[in-house]
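The structure appears right after this line, and notes come after that.
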There are 2 protein chains.
Amino acid sequence: MTLRGRKKGETVPQGVVGRLPVYFRYLTELELAGVERVSSAQLGEALDFTAAQIRSDLSYFGSFGQQGYGYNVAELLDQVKQILGIKQKYAMVLVGAGNLGKAIGSYEWFRAEGFEIEAIFDVDPHLIGNRHGGCIIRSVDELTSYLKEHPADIGIIATPKAAGQSVCDLLVEGGVDSIWNFSPTHLTVPDHVLVEDMHLTDSLLRLVFRLNERRAGDGETD
Amino acid sequence: MTLRGRKKGETVPQGVVGRLPVYFRYLTELELAGVERVSSAQLGEALDFTAAQIRSDLSYFGSFGQQGYGYNVAELLDQVKQILGIKQKYAMVLVGAGNLGKAIGSYEWFRAEGFEIEAIFDVDPHLIGNRHGGCIIRSVDELTSYLKEHPADIGIIATPKAAGQSVCDLLVEGGVDSIWNFSPTHLTVPDHVLVEDMHLTDSLLRLVFRLNERRAGDGETD
DNA sequence: CAATTCTTGTCGAATTATTAACAGGATCAA
DNA sequence: TTGATCCTGTTAATAATTCGACAAGAATTG
């Protein structure tokens, strides 16, 4: 078992990180469907990747398959969970209790997989004090003092664009060093802080660009 | 003006497509702030890209800057809008009026930029008939007949995992060939159909993976 | 048990993406 | 106007990623 290129400090390529959750999702479906074994060719077929890519991706972390057999679904799923780090719990705080914040806060999957939203904050006095899920919505003024008492692994920013950076600064100051950002703005953070962006607008614009690219391509003669 | 590699049928690299919306977003901010000119170095600094990359990206579509000056913000923004194709309107249908669907349906930015949600569908009898935004929520049974009368450019899938593929099939059958998918499943579609995925779960898992990668890295001695 | 069929993990080639460097030209200051 | 500075668009080099191919080994069949 060589763990290709995974010497100390070496990071896993972006593309691999992007595909791991896809594998996780599909393997979960397979296990639920009672499928016992699967080959890289079958995975590739179902997920629109090449078989070589899937084998190559997995080989960054070890050898989980068997020649002539493929992968045992349950076992591979377990390994992928291990790799992704979802065998432990994570404490999250959510800032922004608007429509999007509420949608995120009601997403059952998080709790089921050990991602616990432990507190919700907003600036709107009409929302503060309301319950949502198991949480009372607190004033964002309390964010710093809350974090002092209850450290969080992940901060979720679901505010409008204008508030994004300042909320981010509060979170970072409060010791949160992993940020899941739904606010449509580019966040500036210190080096040790991770930001994962979830920009609805960007995603839609990518779709529209490709839509137009396709339409333009259709009109061409050669 | 060479339009690097943009001969007939050639597609723009993934990375470039991914960054265009970021440029759009930031240029909009700059214009709003009254900034008149900007250089690739400044853009890069603000958005964490190299200046070379930004110039290289833009050069796929033309020459929009001026030596010794940089880019005129308003003009470049206009060009980027042109490139992305957001100077026209798009008709969208939204399937799924749960928490996430409602959040998407209430996102003001869409309407402001010409993305019009023209109809909303769901399976839940409790929701059908309700108003949301300007739309009455209809039964998903009416989706096919609706699309026959009102063709849509983009279909938004905001259903649970289980319904994702079947709703997708209905949309495709109804002539929708660009799909914005929030349902946490991999959609299988014909070649001519575009899918842009917006998987909350995948995004969170990527963040968690990198979080653990960092934690592991911190503990290393050499 | 031997022969055949599968399928992995890995290597190296090919492709794709990023970046540093620079020529050419505009701007700016005096 | 002149010289110094600035900045683009492009090219060439570098880096990263993807993919086909294959040796090696397990499973399966007769």
Side-chain angles (χ1 to χ4, degrees), chain A residues 1-7 9-20 22-23 27 30 35-73 75-76 79-80 83 206 210 213, chain B residues 1-7 9-20 22-23 27 30 35-73 75-77 79-80 83 206 213:
Chain A
M1 191 161 97
T2 327
L3 272 57
R4 291 206 301 166
R6 292 239 55 209
K7 317 242 164 74
E10 296 227 21
T11 58
V12 176
Q14 279 307 303
V16 179
V17 180
R19 285 184 295 270
L20 282 172
V22 182
Y23 303 154
L27 288 167
L30 285 182
V35 179
E36 253 189 28
R37 55 184 276 195
V38 69
S39 68
S40 59
Q42 291 170 317
L43 284 172
E45 174 67 23
L47 297 172
D48 295 326
F49 300 125
T50 64
Q53 178 154 77
I54 290 172
R55 293 200 302 276
S56 160
D57 285 355
L58 293 175
S59 80
Y60 274 96
F61 308 98
S63 302
F64 310 119
Q66 198 136 60
Q67 289 148 321
Y69 176 86
Y71 303 89
N72 177 283
V73 170
E75 193 187 311
L76 183 57
Q79 291 285 356
V80 171
I83 292 164
R206 282 195 291 274
R210 290 191 291 142
E213 194 176 36
Chain B
M1 190 162 96
T2 325
L3 272 56
R4 291 207 301 166
R6 292 237 52 212
K7 318 241 164 72
E10 297 227 23
T11 58
V12 176
Q14 280 308 303
V16 179
V17 180
R19 286 183 294 269
L20 283 172
V22 182
Y23 302 154
L27 287 167
L30 285 182
V35 178
E36 254 190 25
R37 55 183 274 194
V38 69
S39 69
S40 60
Q42 292 169 317
L43 285 171
E45 174 68 22
L47 297 173
D48 295 326
F49 300 126
T50 63
Q53 178 154 76
I54 290 173
R55 294 202 300 277
S56 161
D57 285 355
L58 294 174
S59 81
Y60 274 97
F61 308 99
S63 303
F64 311 119
Q66 197 136 60
Q67 288 146 320
Y69 176 86
Y71 303 89
N72 176 283
V73 170
E75 194 186 309
L76 182 57
L77 176 56
Q79 292 284 355
V80 172
I83 291 164
R206 281 195 291 274
E213 194 176 37

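Reminder, nothing fancy here: chain letters follow the sequence lines and each chain counts from 1.
With sequence neighbours excluded, the residues forming a side chain to side chain contact (heavy atoms under 4.5 Å, CB included) with A:Ser40 are A:Ala51, A:Ile54, A:Arg55, A:Tyr71, listed by chain and number. Qualifying side chain to side chain contact (heavy atoms under 4.5 Å, CB included) partners for A:Gln66, counting only residues two or more places apart in sequence or in other chains: A:Tyr69. Every residue meeting the side chain to side chain contact (heavy atoms under 4.5 Å, CB included) condition with B:Gln42, not counting sequence neighbours, appears here in chain and number order: B:Val38, B:Ser39. For A:Asp48, the side chain to side chain donor-acceptor pair (under 3.5 Å) criterion is met by B:His186, not counting sequence neighbours.
Atom CG of B:Asn72 and atom P of C:dT27 are 12 Å apart (whole Å). In this structure, A:Phe64 atom CZ and C:dT7 atom P are separated by 19 Å, rounded to whole Å. Between B:Leu76 atom CG and D:dT8 atom C1' the separation is 12 Å, expressed in whole Å. A straight line from CD of B:Glu75 to C1' of D:dT8 spans 14 Å, rounded to a whole angstrom. Distance CD (A:Gln53) to C1' (C:dA14): 15 Å, rounded to an integer number of Å. Atom CG in A:Asp57 sits roughly 13 Å away from atom P in C:dT10 (whole-Å rounding). We find that CG of A:Asp48 is positioned 12 Å from P of D:dC19, with the value rounded to whole Å. Here D:dA26 presents its C1' atom at 12 Å from OH of A:Tyr69, a figure rounded to the nearest Å.
For A:Gln14, whose side chain is taken as the heavy atoms from C-beta onward, the closest listed nucleotide among D:dT17, C:dC28, C:dT7 is D:dT17. Out of D:dT8, C:dT8, C:dT27, the shortest distance to the side chain of B:Arg37 is found at C:dT27. The side chain of A:Ser59 lies closest to C:dT10, out of D:dT10, C:dA17, C:dT10. With D:dT18, C:dA17, D:dG9 as the choices, the nucleotide that has an atom nearest any side-chain atom of A:Arg19 turns out to be D:dT18. Between D:dT18, C:dA26, D:dT8, one nucleotide has an atom nearer to the side chain of B:Gln66 than all others, and that is C:dA26.
Note on A:Tyr71: every side-chain N or O is 4.0 Å or more away from OP1 and OP2 of D:dA26. Remark: A:Ser40 is in phosphate contact with C:dT8, judged by side-chain N or O atoms under 4.0 Å from OP1 or OP2.
Side-chain N or O atoms of B:Glu213 include one that pairs as donor or acceptor with a backbone N or O of A:Val12 at under 3.5 Å.
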Pair B:Phe61, B:Leu20 - check side chain to side chain contact (heavy atoms under 4.5 Å, CB included), show working. CA-CA 11 Å; B:Phe61 308 99; B:Leu20 283 172; 3.8 Å; yes
Can you list the steps and then say if A:Leu76 with A:Tyr23 is a side chain to side chain contact (heavy atoms under 4.5 Å, CB included)? CA-CA 9 Å; A:Leu76 183 57; A:Tyr23 303 154; over 6 Å; no
Output a table of nitrogen or oxygen pairs between the protein and nucleotides 20-24 of chain D separated by less than 3.5 Å.
unit_1	atom_1	unit_2	atom_2	d
D:dA21	N6	A:Arg55	NH2	3.2
D:dA24	N3	A:Gln67	NE2	2.8

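Toward the 5' end of DNA chain D, the nearer of the two residues B:Gly70 and A:Gly15, judged by each one's closest nucleotide, is B:Gly70.
B:Gly65 comes within 4.0 angstrom of the backbone, heavy atoms only, and of no base.
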